[in-house]
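Below, each value reflects all heavy atoms present in this structure, side chains not excepted, and no hydrogens, waters or symmetry copies.
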Amino acid sequence: MPPRSPTQLFPPPAFLLDMLERLRERYVPDLPTPRRFAEPLNGVIRAILAQQNTRRVASRQWETLKTVYPQWEAALADGPDGIETTLKQAGGGLTRMKADYLYGVLDALAQSRGELSLRFLRELDDREIRRALEQLPGVGMKTASLVMLFDLLRPAMPVDGNIERWTKRLELVPARWNANKVEGWFDEAIPRDWETRYALHLSGVDHGQETCKSQKPLCAACVLREWCPSAALFLLED
């Protein structure tokens, strides 16, 4: 017997579509234009920098990289040691790991494609895009989904720690699931169109940062409170 899918294990609740609408109305009533790099390779590099980094640090590292390396060929020539030195100038942690990833991505493209570009991804279907991205060093499910959603305008559903947190507090999925399993559940549960998923990602991240915080969530102000089994427990602690 084949294994059951995420939504077979945990069917979407009846309130799911209402939940999506409430999050969108609360956080992104006017859906912003996505950050979209003309060159998807830039999106991959920017997403790698964001891994285990604050947005401010990742942005600073990105600006430093682009100043030092106006063309990625220069970063490839500089090697992982040079890239690490450049990242250290901008501050932030894990500079060696990220330098290795960035160099690995550039080297892999130079070896396999003969050019430092991912524009060819635009000609592929979603499954082919994901497979090509996840073959690159440092690119896992979430990073690939971010590039697909923002830079390629494909209906991926990246799940960060904020979305994972409130999804589990709502008991939509088990607490033991990791972010990849949660993303798999959303991928099956919500409509497969870009706008819906883009809105959910933006509003879901905002909801976790502003309301469903890791410490002391603001349950009294939560637009999802009526469906949340965790809200009563947190409100009792106030």
May I ask you to decide if [Y]'s main-chain N or O and [X]'s side chain share a donor-acceptor pair within less than 3.5 Å?
| X | Y | answer |
| --- | --- | --- |
| E39 | L41 | yes |
| K98 | G138 | no |
| R225 | A231 | no |
| E84 | A99 | no |
| H201 | P158 | yes |
| D160 | I163 | yes |

Residue pairs, two or more places apart or on separate chains, that pass ring pair (Phe, Tyr, Trp, His ring centres under 6.0 Å) and touch [range]:
| range | result |
| --- | --- |
| residues 84-114 | none |
| residues 110-131 | none |
| residues 7-64 | F10-W177, F15-W227, Y27-H207, F37-W62, W62-W72 |

**OP:** Check K142, R197, R130 against E183 for a salt bridge (charged side-chain N to carboxylate O under 4.0 Å, His left out) and give me the one that passes.
**Re:**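 Passing option: R130.
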Tell me if the [atom1] atom of [X] is crowded by more than 12 foreign heavy atoms within 6.0 Å.
| X | atom1 | value |
| --- | --- | --- |
| Q8 | CD | yes |
| K66 | NZ | yes |
| Q52 | CD | no |

Could you pull out all donor-acceptor pairs under 3.5 Å where a side-chain atom in residues 85-95 meets a protein atom, sequence neighbours excluded?
| residue | atom | partner | partner atom | Å |
| --- | --- | --- | --- | --- |
| T85 | OG1 | D81 | O | 3.1 |
| T86 | OG1 | Y69 | OH | 3.1 |
| T86 | OG1 | G82 | O | 3.0 |

Original post:
Thinking salt bridges, do R96 and D100 make one under a 4.0 Å N-O criterion?
Top reply: yes
Subject >> Side-chain ion pair, R35 and D151, N-O less than 4.0 Å >> reply: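 Salt bridge present between R35 and D151.
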Original post:
Which pairs with one or both residues in residues 168-180 pass salt bridge (charged side-chain N to carboxylate O under 4.0 Å, His left out), sequence neighbours excluded?
Top reply: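 Output for this query lists E164-K168.
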Is the shortest side-chain heavy-atom distance between [X] and [Y] below 4.5 Å?
| X | Y | result |
| --- | --- | --- |
| S117 | L109 | no |
| P155 | D126 | yes |
| L49 | L102 | yes |

Original post:
Other than L149, what residues sit in its cluster of Ile, Leu, Val, Met, Phe, Trp and Tyr side chains whose heavy atoms are under 4.5 Å apart, directly or through others?
Top reply: V28, L31, L146, F150, L153, W194, Y198, L202
